[in-house]
Asks: 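Structure below; questions to follow.
It should be emphasised that the depicted structure is a prediction, and the values quoted were computed from it without experimental measurement.
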Amino acid sequence: MQENVTRAVVFTLLLCLNIRLLNGESPPGKPVIFKCSSPEKETFTCWWKPGANGGLPTNYTLTYYKEGEDTIYECPDYNTSGPNSCYFSKKFTSLWSVYIIRVYATNKMGISASDERLVDVAYIVEPNPPKNVTLEIQQPEDGKPYLWIKWVPPTLADTASGWLLLQYEVRLKHEKAVEWEIYFAGQQTNFKVLSFYPGYKYLVHVRCKPDHGLWSKWSEEHSIEIPSDLNMNDETTWIFVAILSAVICLVMVWAVAFKGYRMMTCILPPVPGPKIKGFDTRLLEVKV
């Protein structure tokens, strides 16, 4: 009798499962953790892509533990960084720890888990873009004009104390160009562009990255109109050209003088010494 009851229960469960499957209901698909990043080495966020929900309401839970520890924790903040994300504030971020992170998807039909993601905060820093980008045309009295690009480190980046060292790249092009010109600016927060065309509008972006992290997004686009009547003469260049011309003239004069000497040698060769065989030159010596 008990065996028949057990069979009936199992049959009922399988029937319910088949009915749910026929209705398009199934366990959730596998979520994928696709990115973890930190703007300043003090906080970080991880984002995931949900799998199929199986036709049912699905809940997501992010869990983590630190390498070398056994305690498993749940995400402290699902809201700050938007949907399908987990934000770790300063309270929950440790620079010298490796986090092992996993996301679970759960509905009435079952549960699925993402692959583990190992996170070392020092290597996932992706700062915000530089801010306050300004463009100016400078024209020194004794030199060629240049486009001076200046900017300020991104918000939240503590560069003054050396906690975060940033390197910068500048890209620009005139409005009719197809490709960008990219310049590496090192750790300085300004850059001089010496080559440009008067009468064109130039577009400029700046981005940054730490030594072991990721490039930020490009800053907002900034533009400047180069005056068409800008004086592009460079006195330094003309001085260099004058010196080079003088050197070339001296070389030509020397070459002509040397060639003239050789021609005189050919026209008036030196008188050869006596070549009479058996002649003793000591006989020419005057005896006192």
Asks: I'd like to know whether CD of Glu179 has more than 12 heavy-atom contacts from other residues, nucleotides or ligands below 6.0 angstrom.
Replies: no

Asks: Determine whether Pro28 and Ser112 make a side-chain contact, defined as any pair of heavy atoms from C-beta on separated by less than 4.5 Å.
Replies: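 Result yes, sub-4.5 Å side-chain heavy-atom pair found.
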
Asks: Can you confirm if the aromatic rings of Tyr99 and Phe44 lie within a centre distance of less than 6.0 Å?
Replies: yes

Asks: Do the side chain of Thr93 and the main chain of Phe88 share a donor and acceptor less than 3.5 angstrom apart?
Replies: yes

Asks: Less than 4.0 angstrom from a charged side-chain N to a carboxylate O is my criterion; do Glu225 and Lys201 meet it?
Replies: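 Answer for the salt bridge query: no.
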
Asks: Can you measure from CD (Glu67) to CG (Leu118) and round to the nearest 0.5 angstrom?
Replies: 6.5 Å

Asks: For the ring pair Trp48 and Phe34, is the centre-to-centre distance below 6.0 Å?
Replies: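 Distance test on ring centres: not under 6.0 Å, no.
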
Asks: In this structure, which one of Leu135, Thr134, Leu203 forms a side chain to side chain contact (heavy atoms under 4.5 Å, CB included) with Ile224?
Replies: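 Answer after filtering Leu135, Thr134, Leu203: Leu135.
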
Asks: Please step through side-chain contact (heavy atoms from CB on, under 4.5 Å) for the pair Asn190 and Ile149, ending with a clear verdict.
Replies: CA-CA 5 Å; Asn190 63 82; Ile149 306 170; over 6 Å; no

Asks: Do the side-chain N and O atoms of Asn107 and Glu25 include a donor-acceptor pair separated by under 3.5 angstrom?
Replies: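 Absent: no donor and acceptor within the cut-off.
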
Asks: When you check the gap from the basic side-chain N to the acidic O, do Lys131 and Glu220 get nearer than 4.0 Å?
Replies: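 No.
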
Asks: Would you say Ser37's side chain and Ile124's backbone share a donor-acceptor pair under 3.5 angstrom?
Replies: no

Asks: I need the single residue from Cys86, Ser38, Ser85 that forms a side chain to side chain contact (heavy atoms under 4.5 Å, CB included) with Thr45. Which is it?
Replies: Ser85

Asks: Determine whether Lys66 and Ser94 satisfy the following criterion, side-chain contact (heavy atoms from CB on, under 4.5 Å), listing intermediate values before the conclusion.
Replies: CA-CA 10 Å; Lys66 296 180 181 179; Ser94 177; 3.9 Å; yes

Asks: Mind checking the CD-CG spacing from Glu136 to Leu147? Nearest 0.5 Å is all I need.
Replies: 9.5 Å

Asks: Distance check, rounded to the nearest 0.5 Å: Trp151 atom CH2 versus Cys208 atom SG?
Replies: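 If I round to the nearest 0.5 Å, the distance is 10.0 Å.
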
Asks: Using 0.5 Å steps for rounding, measure from the CD atom of Glu126 to the CH2 atom of Trp215.
Replies: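 With rounding to 0.5 Å, CD (Glu126) is 12.0 Å from CH2 (Trp215).
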
Asks: Roughly how far, to the nearest 0.5 Å, is CD of Glu169 from NE2 of His205?
Replies: 13.5 Å

Asks: Below 2.5 Å, is that where the SG pair of Cys46 and Cys36 sits?
Replies: yes

Asks: Which atom pairs, donor and acceptor, lie under 3.5 Å between side-chain atoms of residues 54-65 and protein residues at least two apart or in another chain?
Replies:
unit_1: Thr58; atom_1: OG1; unit_2: Asn53; atom_2: O; d: 3.2
unit_1: Thr58; atom_1: OG1; unit_2: Leu56; atom_2: O; d: 3.1

Asks: For the backbone of Thr43 and the side chain of Glu40, can you confirm whether one donor and one acceptor N or O come within less than 3.5 Å of each other?
Replies: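 Looks like yes, one N/O pair under 3.5 Å.
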
Asks: Using the rule given for side-chain contact (heavy atoms from CB on, under 4.5 Å), can you reason through Leu214 versus Tyr123, listing the C-alpha separation, both sets of side-chain angles and the distance that settles it, and then say yes or no?
Replies: CA-CA 8 Å; Leu214 309 169; Tyr123 290 89; over 6 Å; no

Asks: Only one of Ile33, Val32, Asp115 forms a side chain to side chain contact (heavy atoms under 4.5 Å, CB included) with Val103, so which one is it?
Replies: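 Going through the options one by one, the only one that passes is Ile33.
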
Asks: Is the closest side-chain donor-acceptor distance between Glu69 and Tyr73 under 3.5 Å?
Replies: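 No pair is found: no donor N or O on one side chain lies under 3.5 Å from an acceptor on the other.
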
Asks: If you measure from OG1 on Thr159 to CD on Gln187, what distance do you get to the nearest 0.5 Å?
Replies: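 If we round to the nearest 0.5 Å, Thr159:OG1 and Gln187:CD are 9.5 Å apart.
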
Asks: Go through the steps for Gln167 and Asp211 under the test side-chain contact (heavy atoms from CB on, under 4.5 Å), then give the verdict.
Replies: CA-CA 7 Å; Gln167 302 176 9; Asp211 291 340; 3.2 Å; yes

